[in-house]
Amino acid sequence: MEINKIYNENCLDTMAKMPDNFIDLTVTSPPYDNLREYKGYSFAFEDIAKELFRITKQGAVVVWVVADATINGSESGTSFKQALYFKEIGFKLHDTMIYRKENYAPLTHKRYEQEFEYMFVLSKGKPNTFNPILVDCIHAGKVIKRSRSAYETGIRQREESDKQAKPTGDKKQMGNVFSYKVGGGKSANHVAQFPLQLATDHIKTWSNENDLVYDCFMGSGTTAIAAINTNRNYIGSEISEEYCKIIETRIKECGGLFFNSFETELSNEAGT
């Protein structure tokens, strides 16, 4: 099927055109709970999950960014139910990551402010690709003082035992909590836009250049922009024509090509 293209249709229609074991990475954030009626459209989670498993390559990953609504004083737990269902149909829950919002919106209620969403990393078998993000060690370039304790006649004595410096530039693998500022930007009129850096970090981590990245709920096009910026190919599904127009503008602004997809069909000759 045609790649580097946004399909203005239900994602189930797009995935129906894909052969088995086709996609290298999916990064997406579905409509959830009270947003499940998305622009007047329904969200058939179980059907979508099964199709994602079918089209995902062996050793490839789906990053599912999701949160729960609070209904009648209780969080829905929908996110956990979805993660468990993905396991039931064959995915491994490779990692439960956290997307932390540095500038979360304060609300008035009798609980701590909600500042995170889940990022379920679902793998079809053992992931083939892992390019971890590296960050500076907290003590890089600093002198580390270590002390040892000795006990003599019941009295603890402390003395400095060594001093050593870690060379500047020492790196360590980043943890599984990713923090980003949210909101702002030209496309912030989309109801559920996640940060460009979030999509970029996952695409760099779980795929390689020229791989094919899919987003079944493309929204304002963030996953496509991140794919373009990191030299990956992409396919997106977005059922709302309004949001497709937003995507078209954003892709043109970043120098990519946009193809509206009302009439593109599967190529029988290519078998894809």
Side-chain angles (χ1 to χ4, degrees), residues 3-4 6 11 15 22-32 48-49 51-53 55-67 79 82-83 86-87 91-102 115-135 171-183 185 187 190 192-238 247 250-251 254 256:
I3 63 173
N4 297 322
I6 307 299
C11 63
M15 288 189 283
F22 184 58
I23 298 296
D24 295 294
L25 170 65
T26 295
V27 179
T28 195
S29 183
Y32 32 85
I48 292 168
E51 276 293 87
L52 281 173
F53 186 79
I55 66 170
T56 297
K57 288 182 178 179
Q58 191 68 30
V61 160
V62 172
V63 179
W64 189 261
V65 184
V66 69
S79 58
Q82 291 179 352
F86 276 120
K87 289 186 66 176
F91 279 108
K92 294 183 181 297
L93 182 53
H94 182 68
D95 197 358
T96 299
M97 300 183 65
I98 296 295
Y99 154 34
R100 178 178 174 271
K101 303 174 184 180
E102 295 179 2
E115 61 175 309
F116 74 91
E117 296 183 16
Y118 295 105
M119 299 186 294
F120 294 120
V121 179
L122 308 155
S123 62
K124 191 171 179 179
K126 183 179 180 180
N128 291 331
T129 302
F130 179 57
N131 306 309
I133 300 170
L134 301 179
V135 295
K171 300 286 186 179
K172 66 177 180 180
Q173 188 172 300
M174 189 170 175
N176 65 354
V177 177
F178 287 6
S179 296
Y180 307 98
K181 287 185 171 61
V182 297
S187 56
H190 185 273
Q193 180 185 1
F194 55 57
L196 177 61
Q197 192 60 48
L198 181 153
T200 301
D201 287 343
H202 279 297
I203 287 172
K204 286 182 175 180
T205 299
W206 307 109
S207 70
N208 298 307
E209 289 192 3
N210 300 314
D211 278 353
L212 180 56
V213 179
Y214 180 52
D215 188 342
C216 44
F217 303 102
M218 186 59 82
S220 63
T222 300
T223 299
I225 302 301
I228 292 168
N229 291 343
T230 56
N231 299 314
R232 272 73 167 172
N233 297 300
Y234 69 88
I235 294 176
S237 302
E238 176 47 53
I247 300 170
R250 294 187 73 197
I251 289 178
C254 81

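Because only heavy atoms are used, hydrogens play no part in the values below, and waters and symmetry mates are left out as well, while side chains stay in. None of these values were measured; they are calculated from a predicted model.
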side-chain contact (heavy atoms from CB on, under 4.5 Å) between L212 and F22, intermediate numbers included: CA-CA 8 Å; L212 180 56; F22 184 58; 3.7 Å; yes
Candidates I247, L196, V213 - the one meeting side-chain contact (heavy atoms from CB on, under 4.5 Å) with T223: V213
Nearest heavy-atom neighbours spanning W206 and F130: CZ3-CD1, 3.6 Å
N131 side-chain N/O to K204 backbone N/O, donor-acceptor pair under 3.5 Å: yes
Plane angle bin for Y118 and F116 - parallel if under 30°, tilted between 30 and 60°, otherwise perpendicular: perpendicular
Pair E115 + R100, salt bridge at N-O below 4.0 Å: yes
Closest contact, heavy atoms only, R250 versus G221: NH1-C, 3.8 Å
Residues V135, K172; criterion side-chain contact (heavy atoms from CB on, under 4.5 Å); working and verdict: CA-CA 6 Å; V135 295; K172 66 177 180 180; 3.9 Å; yes
Heavy-atom closest contact (V182 atom, K101 atom, distance): CG1-CG, 3.9 Å
Any donor-acceptor pair under 3.5 Å from T129 side chain to S207 backbone: no
Pair T28, Y214: side-chain N/O donor-acceptor within cut-off below 3.5 Å: no
Chi angles and distances behind the side-chain contact (heavy atoms from CB on, under 4.5 Å) call for I48, F217: CA-CA 11 Å; I48 292 168; F217 303 102; 3.6 Å; yes
Smallest separation among heavy atoms of C11 and C216, with atom names: CB-O, 3.3 Å
Y180 and F178 aromatic ring geometry - parallel, tilted or perpendicular at 30°/60° bounds: perpendicular
Check against side-chain contact (heavy atoms from CB on, under 4.5 Å), F120 and F86: CA-CA 10 Å; F120 294 120; F86 276 120; over 6 Å; no
Closest non-hydrogen atom pair between V66 and S79, with its separation: CG1-CB, 3.6 Å
Ionic contact status for R232 with D211, cut-off 4.0 Å: no
Distance in Å, M218 CE paired with I6 CD1, rounded so as to fall on 0.5 Å steps: 4.0 Å
Donor-acceptor contact below 3.5 Å, side chain N233 vs main chain N4: no
Interatomic distance, L122 atom CG to H94 atom NE2 [nearest 0.5 angstrom]: 10.5 Å
Least distance between heavy atoms, G219 atom then E238 atom: N-OE1, 2.7 Å
Check: K57 main-chain N/O paired with D24 side-chain donor or acceptor under 3.5 Å: no
Interatomic spacing from CE in M174 to CG in L134 - rounded to 0.5 Å: 10.5 Å
Donor-acceptor contact below 3.5 Å, side chain K124 vs main chain T56: yes
